[in-house]
Amino acid sequence: MKKIGNIFMKNKKLFLLGPLLLFAFILHAQDEDAVTFEMRLSKPKLGLNERLRVDFTMNKDGDNFNPPDFEGFRVLMGPSQSISSSWINGVRSYSKTYSYTLAPTAKGKFTIKQATIVIDGVTYKSLPKEVEVTAAVDKPSDQMTADDIADENLHLVAEVSKTDPYLNEAISVVYKLYVSPNISVSNYQPLDNPKYNNFWSQDIRVSRLSAQNGTYQGKPYRYVVLKRVVLYPQKTGKLEIEPLSLDVTVDVPTNRRDFFGGRIYSQTNKTVSAGKRTINVKSLPTANQPANFTGAVGDFDFSVTTSKTSLNASESLQAVVEVSGKGNLKLFKLPEPELPSSLEVFEPEFTENVRTTLSGMQGKVSNSYTIVPAYRGKYPVPPISFSYFNPDTKKYHTLNSDEILINVLEGPTSASNTISNNGVVANKQKVIASGNQFNFIKLKPNLSSKSISYFFGSDLYYLLLLGPLLLIPLAIFLRKKRDAIASDVIGNKVKKANKLARKYLSAAKKQLGDKDSFYVALEKALHNYLKAKLKIETSEFSKDKISELLIKKEIEEATVTDFIGLLQNCEAARYSPFSDVEMQRDYEKASEVISLMDKEL
């Protein structure tokens with residue numbers, strides 16, 4: 001009985017301990033999700049000639065930080081931002097700090113009041129803290145560290161040209177790294193590149209990093225332009241531009257000197273961030289919007305021209321529909337001409353001559369139609385209209401082309417070549433009489449011979465007799481050719497992969513208009529083509545590896561660049577909108593690049 005009692009007591013302790021452990025686990029999980037925002041002081045007591053560092057630290061990113069007024073102190077430097085983010089055993093650790101360096105203005109006891117910040121829509125306040133300022137001390141103990149100096153003298157800024165654009169209006173973002181003359185930067189590395197969701201984006205290459213003189217918060221600084229990008233918003237409302245973060249190696253001068261009297265520098269690494277930017281995209285006005293408006297935003301000119309207006313039947317002419325100017329040239333559809341049905345019109349050839357600067361796209365886009373008339377007559381091409389929205393005037397504008405008359409001078413007369421005034425071909429039979437009043441004379445009578453022919457001794461007889469003998473050398477040749485093909489294992493693999501690449505290019509063509517399906521099929525085709533030509537496995541595929549191998553194969557640099565650009569477009573299509581025009585261009589570029597590489601490999 002005593003033994004049973006002991007077991008019962010042990011089990012009773014376990015029953016009591018279980019709920020306590022569960023409660024502790026719940027509290028720990030709640031602590032991990034809890035938001036913290038606190039103020040930290042470098043010291044609670046300092047001399048009049050010392051400095052005080054105040055840090056406001058939070059464990060989640062917030063907005064609308066509002067510092068206290070720092071009564072009794074003068075702000076020497078700040079606010080400076082620092083961000084720390086890491087993953088340890090699958091758990092993310094995040095910290096963001098706003099730092100100030102203060103100098104006391106008088107002796108006494110002062111209170112650093114509350115600071116506020118908004119995190120996930122909730123306002124948090126730090127606790128106030130008291131600081132005592134005494135008389136000046138002989139040896140100040142608050143010498144600023146290299147990190148402190150770097151915080152106050154290094155800033156990453158994202159300059160946005162416009163924060164309230166219209167839909168499809170160009171804005172630019174320029175990332176500048178401001179460096180005080182007190183420090184120097186020896187290296188930097190991007191930590192988190194922004195993804196421009198809901199924007200059509202294009203980077204403008206920074207060819208050379210050069211320091212320029214400027215000001216930051218009224219103080220002289222040097223700055224370097226690190227990144228430039230042009231954005232076209234594809235969605236209305238409030239859109240966020242993610243921050244760019246850098247890991248910067250900073251050289252900070254110290255008060256120490258070396259043996260030769262030169263200043264000794266201390267090196268430290270700091271993380272700087274440009275911060276999120278919010279763009280409020282306005283929708284295009286619906287009042288007075290033309291019915292033929294297809295999304296063109298900017299300032300444009302419009303024209304419709306033909307290579308000639310007089311020609312003979314079966315000759316060809318080119319009709320060019322062109323839009324030029326400044327705006328979202330790659331993001332709208334060109335108007336199509338309405339031509340008489342008696343003219344044979346081929347699929348247009350799209351031409352693009354556009355360059356992108358910080359102010360947006362500039363240049364021209366055009367569709368060139370090949371037209372071939374089959375019959376004699378006069379064919380009017382009705383005027384075409386093109387509408388666009390100008391964000392400067394905040395109005396819609398419509399441009400109209402002139403009517404063009406195509407005069408076919410010589411050629412056969414169609415049974416339906418009578419054209420009404422409105423350009424519609426009338427279905428009326430028109431017979432033109434010759435001078436002798438005979439019409440439609442047959443030049444070939446199609447008469448057949450009535451003589452009797454015999455099979456024996458005919459050409460067909462000797463052909464059937466000698467044909468099998470002539471087929472023997474052909475069969476031997478074909479047999480040897482088949483054996484050679486069967487023995488060529490590598491060649492067979494290449495042909496199989498080429499066939500698969502053509503299959504996927506065909507599949508990509510069928511998916512034109514469906515962005516996701518098209519770029520998946522196009523990416524598969526490019527990868528299978530590389531697998532055939534370079535004899536590497538899919539697991540080895542990376543853009544750097546592909547570029548290196550193609551250059552070793554002596555492929556022209558321009559062809560390699562086009563191929564890598566196609567792969568990048570396939571990746572970018574998952575996150576950014578692509579128009580039908582861009583998909584058609586990428587399909588044609590893929591066919592051209594594969595053709596060029598076939599000639600060089």
Side-chain angles (χ1 to χ4, degrees), residues 168 170 200-202 204 230 232 292-309 311 315-339 343-357 359-373 381-388 397 399-402 404 406 505 508-509 512-513 515 518-519 522 556 558-559 561-566 568-569 572-573 576-596:
N168 263 315
W200 183 95
S201 64
Q202 180 167 334
I204 299 178
V230 173
Y232 283 86
N292 65 338
F293 178 69
T294 59
V297 176
D299 189 8
F300 302 106
D301 291 323
F302 175 65
S303 66
V304 178
T305 58
T306 57
S307 58
K308 49 190 169 182
T309 55
L311 71 165
E315 294 181 352
S316 65
L317 64 89
Q318 303 294 320
V320 179
V321 179
E322 181 180 280
V323 173
S324 61
K326 177 181 176 183
N328 60 336
L329 287 164
K330 299 181 181 181
L331 302 176
F332 60 82
K333 185 178 180 181
L334 290 170
E336 298 179 357
E338 296 181 2
L339 299 173
L343 299 177
E344 184 178 5
V345 184
F346 295 88
E347 285 294 321
E349 179 183 354
F350 179 76
T351 303
E352 176 185 295
N353 184 13
V354 179
R355 62 189 181 94
T356 304
T357 64
S359 59
M361 302 183 207
Q362 300 179 26
K364 60 183 179 180
V365 292
S366 63
N367 274 334
S368 179
Y369 295 84
T370 299
I371 301 174
V372 180
V381 178
I384 308 173
S385 62
F386 169 72
S387 298
Y388 66 93
H397 300 267
L399 304 176
N400 296 291
S401 65
D402 296 329
I404 300 174
I406 300 175
L505 272 180
K509 185 176 182 180
L512 282 170
K515 183 195 72 173
F518 169 76
Y519 280 102
L522 181 61
E556 290 187 4
T559 305
T561 302
D562 289 342
F563 197 93
I564 298 301
L566 285 170
Q568 290 174 342
N569 283 356
S576 303
F578 275 65
S579 65
D580 292 347
V581 173
E582 291 175 294
M583 284 188 275
Q584 180 67 36
R585 186 181 66 248
D586 285 343
Y587 174 79
E588 294 172 357
K589 178 63 70 176
S591 301
E592 178 185 350
V593 169
I594 289 177
S595 176
L596 291 174

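Note that these values count all heavy atoms, side chains included, but never hydrogens, waters or copies made by symmetry.
The closest donor-acceptor contact from the side chain of D299 to the backbone of K326 lies at 3.5 Å or more, if one exists at all. D586 places no side-chain N or O within donor-acceptor distance of the main-chain N or O of Y519, the cut-off being under 3.5 Å.
Within 6.0 Å of CD on E556 lie no more than 12 heavy atoms contributed by other residues, nucleotides or ligands.
Separating the CD1 atom in I404 from the OG1 atom in T309 is a distance of 8.5 Å, to the nearest 0.5 Å. In this structure, the separation between NZ on K589 and CG on N569 is 10.5 Å, given to the nearest 0.5 Å.
By the 4.5 Å heavy-atom criterion applied to side chains, T305 and E322 are not counted as neighbours. T357 is not listed as a side-chain neighbour of V230, based on a closest heavy-atom distance of 4.5 Å or more. Using a 4.5 Å cut-off on side-chain heavy atoms (C-beta onward), W200 and N328 make no contact. For the pair F350/L334, a side-chain contact is recorded, criterion being any heavy-atom separation below 4.5 Å from C-beta on. For the pair Q202 and M361, the minimum side-chain heavy-atom distance is 4.5 Å or more.
For S316, the side chain to side chain contact (heavy atoms under 4.5 Å, CB included) test picks out T370, V372, with sequence neighbours left out. Checked against side chain to side chain donor-acceptor pair (under 3.5 Å), N292 has the following partners two or more places apart in sequence or in another chain: S385, S387. V345 pairs by the side chain to side chain contact (heavy atoms under 4.5 Å, CB included) definition with L339, Y369, I371, not counting sequence neighbours.
The residues E352 and K330 are annotated as salt-bridged, a charged nitrogen and a carboxylate oxygen being separated by less than 4.0 angstrom.
When all heavy atoms of S366 and V320 are compared, the pair lying nearest together is CB-CG1, 3.9 Å.
Relative orientation of the F518 and Y587 rings is tilted, given thresholds of 30° and 60° on the angle between their planes.
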